[in-house]
Amino acid sequence: MRITGWRVDGFGVLHDHQVDDLPAGLVVVVGPNESGKTTLHDFVRGMLFGFPTGNTRARRHPPLNGGTAGGRLLLGIDADGVWTVRRFHRRLSILGPDGQPRTPEDLARMLGQLDERTFRAVHAVDPDELRGLDPTVVRERMLDASTTGAGPDPRAALAHLIVERDELFAPSGRRSRSLMVELAARLAELDRSLAEAVAQAQERATSLAADAGLRTQIADLDARLRRLDEASAELRARRTSQPPGSAPTPAGHGHPRLVRYGLAGSAAVLLTVAAAGVVVGKPAVALVGLVLAAGAGLGAWAARVSAPAPAPTPALGGPAAADLLARLDDERHRQGLERDAAVGRLALSQQQRAAAEWDEEVARLAAERAGVREHLVVATRRWLVLCTAEELVATAQRSLREEHQPGVLGTAGDYLAMATSGRYDRVLVLDAAGHLGCQRADGTVVPVELLSRGTSGQAYLCLRLALVEQMAQHRGDLPVLLDDTLSELDETRAQSTLRMLAGLGRQVLLFTAHETTVQRALLTAPGTRVVRLPGPRT
């Protein structure tokens with residue numbers, strides 16, 4: 001694939017800039033500083049993969065001289081003809097050689113399923129990236145060639161596995177709240193709630209037993225109150241049966257029926273008050289003793305009376321009877337208060353149990369705890385599987401790197417020999433960290449960090465081009481975009497590098513601000529196409 005032309009509607013300083021009929025070989029885009037070379041570089045990449053959005057750090061180029069942000073890019077496919085990609089803001093349209101609409105998936109296939117990150121890392125090079133490659137970046141770039149195009153990318157698979165694993169549980173606290181941590185916290189919370197609910201259920205059982213005791217106490221108090229009521233009623237009846245101010249019937253002159261009635265009444269009062277005395281305390285017991293003594297006197301008096309002359313009924317009026325009634329009323333009031341308190345405690349206990357429903361709460365919490373625990377077990381198993389898969393993918397990644405790197409390094413050495421006119425002929429990885437070295441023709445190996453800026457830049461450029469060559473075996477040829485990569489080379493090195501670029505057999509767009517680069521390119525590769533950008537507007 002090659003870029004055959006473009007039309008920039010509005011992008012940074014560029015407006016209504018159009019180029020057609022670009023060749024498949026070396027193309028030099030030249031313009032003074034601030035004329036839009038880097039802007040055009042970013043435009044081409046944005047047309048292929050999309051313009052930066054608000055949440056990225058990539059350079060943005062809002063139109064400064066009019067027009068709508070975006071434009072058109074023409075892509076030449078040898079077998080299919082020319083495709084047209086139109087992109088404005090987030091609106092994308094693709095037309096095939098027949099003028100029929102195509103999909104973004106069709107464009108992705110044209111690009112060999114390459115993503116922007118890999119394209120920028122390998123196919124789009126600027127001086128800052130050449131000089132700023134550290135060993136970690138070198139190792140990543142080497143992996144690009146080792147994995148891209150050789151089936152599924154293990155690095156992408158590894159990144160996906162790591163993300164999923166960390167969502168479940170992140171070692172070393174990389175995520176503050178992963179799923180397994182949250183499940184474990186919820187399980188501990190349910191354990192505490194369940195223990196509390198079980199304790200409440202046990203208290204409920206104890207409360208039920210206490211309720212039974214309260215009911216028994218209430219029944220006993222009800223019986224006592226009835227006996228007190230009966231004793232009080234009997235005493236009042238006896239008082240009202242003797243008219244006020246009447247004298248008692250003399251001894252031996254009473255009617256036999258009255259004698260019997262009086263004795264029976266005394267016995268009833270005696271038994272009733274005696275029964276009440278069981279529960280009313282010491283004052284009532286003393287009173288009962290008094291009544292018992294009176295009853296005994298009555299019995300002795302009745303025994304001395306002859307049968308034909310029954311004993312008279314004793315008088316039940318006066319202060320003694322009134323005091324007895326008052327005492328009975330006081331005792332009944334105290335027993336009633338005690339009963340009311342017991343009824344209140346029973347009602348409160350029943351109300352608390354009805355509100356709590358602790359038995360149902362225990363069942364609910366136990367069921368939820370079982371579900372959370374099962375979820376945690378499943379998540380833990382999945383996490384272990386992901387950890388194992390991560391290790392397997394990392395092993396496959398290392399194998400791919402070891403398998404493909406020798407070819408990449410060999411190609412990079414060939415390019416370096418061309419670019420340096422044979423002074424350096426090999427590119428080496430010096431250690432597992434990815435540090436690079438270049439070997440001279442005499443066998444001396446020099447770390448890249450000790451080379452001059454121009455030579456180290458050539459080494460990194462040759463490594464990039466070797467990666468392009470490796471990827472082309474699987475994805476097809478894609479253009480290479482170089483932003484002023486020859487500015488620090490002397491005449492001999494610059495001509496050798498241009499000769500190498502012209503002989504790659506693929507399209508290379510070289511952006512430069514130096515007219516000398518144009519003259520060298522035309523001298524070295526007469527078929528070079530030169531595209532001139534207009535100067536900056538004043």
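Note that the structure is a prediction, hence the values are computed from the model and not measured.
At distances below 3.5 Å, not a single donor-acceptor pair connects side-chain atoms of R45 with backbone N or O atoms of R120. Remark: side-chain polar atoms of T455 are not paired, donor with acceptor, to backbone N or O of S452 under 3.5 angstrom. With hydrogens and angles disregarded, a donor-acceptor distance shorter than 3.5 Å links the side chain of S456 to the backbone of R453. Side-chain atoms of R87 come within 3.5 Å of backbone atoms of M47 as a donor-acceptor pair (strictly under, hydrogens ignored). Panel note: side chain N65, backbone V13; a donor-acceptor pair is recorded below 3.5 Å. Although no hydrogens or angles enter the test, the distance criterion places no donor-acceptor pair under 3.5 Å between the side chain of R499 and the main chain of M418. Put simply, the side chain of H15 never gets that close to the backbone of V8: no donor and acceptor are under 3.5 Å apart. In this structure, H435 contributes its side chain and L430 its backbone to no donor-acceptor pair below 3.5 Å. Checked by atom type and distance alone, the side chain of W383 pairs as donor or acceptor with a backbone atom of F169 at under 3.5 Å.
Across all their heavy atoms, T103 and I94 have their closest contact at O-CD1, 3.5 Å. Minimum interatomic distance between S496 and S421 (heavy atoms only, all atoms of both residues): OG-OG, 2.9 Å. Of all non-hydrogen atoms in I3 and P479, the two that sit nearest each other are CG1-CG, 4.0 Å. Smallest separation of non-hydrogen atoms from M500 and C462: SD-SG, 4.2 Å. The two residues L376 and M180 have their closest heavy-atom pair at CD1-O, 3.8 Å. Residue L409 comes nearest to V427 through the heavy atom pair CB-O, 3.6 Å, listed as atom of the first residue, atom of the second, then distance.
When side chains are defined from C-beta on, R382 counts as touching L386, because their heavy atoms get closer than 4.5 Å. The closest side-chain heavy-atom distance from D425 to Q439 is below 4.5 Å. The shortest distance between side-chain heavy atoms of T411 and Q470 does not fall below 4.5 Å. With a 4.5 Å cut-off on side-chain heavy atoms, P63 and F11 do not count as touching. Annotation: side chain of L48 is not in contact with side chain of E116 (no heavy-atom distance under 4.5 Å). Using a 4.5 Å cut-off on side-chain heavy atoms (C-beta onward), L504 and V468 make no contact. For the pair E167/L179, no side-chain contact is recorded, criterion being any heavy-atom separation below 4.5 Å from C-beta on. In this structure, the side chains of E196 and L365 stay at 4.5 Å or more apart for every pair of heavy atoms.
Note that CG of L168 and CG of L183 are 9.0 Å apart. Values are rounded to the nearest 0.5 Å. Within the model, atoms CD of Q507 and CG of L22 stand 6.0 Å from one another, a figure rounded to the nearest 0.5 Å. Distance CZ/R426 to SG/C438: 11.0 Å, rounded to 0.5 Å. Rounded to the nearest 0.5 angstrom, L510 CG and T528 OG1 are separated by 9.0 Å. Rounding to the nearest 0.5 Å gives a distance of 9.5 Å between CG of L498 and CG of L523. A distance of 10.0 Å separates OG1 in T380 from CZ in R373, rounded to the nearest 0.5 Å.
Every pair passing ring pair (Phe, Tyr, Trp, His ring centres under 6.0 Å) that includes a residue from residues 507-534 is listed here, sequence neighbours excluded: H41-F511.
Using modelled atom types, one finds no donor on one side chain facing an acceptor on the other under 3.5 Å when comparing E469 with Q473. Side-chain polar atoms of D490 and T492 form no donor-acceptor pair below 3.5 angstrom.
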Working for side chain to side chain contact (heavy atoms under 4.5 Å, CB included), residues L107 and R102 | CA-CA 8 Å; L107 177 60; R102 297 293 194 271; over 6 Å; no
Can you list the steps and then say if T517 with V30 is a side chain to side chain contact (heavy atoms under 4.5 Å, CB included)?
-> CA-CA 9 Å; T517 300; V30 61; over 6 Å; no
Which is it for Q458 and T497 under the side-chain hydrogen bond (donor to acceptor under 3.5 Å, both in side chains) test, yes or no, and what are the steps along the way?
-> CA-CA 8 Å; Q458 283 184 304; T497 302; 3.0 Å; yes
From CA spacing to verdict: side chain to side chain contact (heavy atoms under 4.5 Å, CB included), V362, L194 | CA-CA 6 Å; V362 168; L194 186 58; 4.2 Å; yes
Going through the checks in order, is the salt bridge (Lys or Arg N to Asp or Glu O under 4.0 Å) test met by R520 and E491?
-> CA-CA 9 Å; R520 289 168 180 167; E491 182 72 23; 2.8 Å; yes
Carefully, step by step, assess D115 and T118 under the rule side-chain hydrogen bond (donor to acceptor under 3.5 Å, both in side chains).
-> CA-CA 6 Å; D115 58 24; T118 305; 2.8 Å; yes
Pair R381-V377, side chain to side chain contact (heavy atoms under 4.5 Å, CB included): steps then yes or no | CA-CA 6 Å; R381 290 173 180 168; V377 169; 3.6 Å; yes
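Comment: D16 engages R7 in a salt bridge, judged by a side-chain N to carboxylate O separation of less than 4.0 angstrom. With salt bridges taken as basic N to acidic carboxylate O contacts below 4.0 Å, one links E368 and R364. A salt bridge links R369 with D191: the distance from a Lys NZ or Arg NE/NH1/NH2 to an Asp or Glu carboxylate oxygen falls below 4.0 Å. Contact check on E189 versus R186 returns a salt bridge, with a Lys/Arg side-chain nitrogen under 4.0 Å from an Asp/Glu carboxylate oxygen.
Using a 30° and 60° split on the angle between ring planes, F119 and F49 fall in the tilted class, from 30° to 60°.
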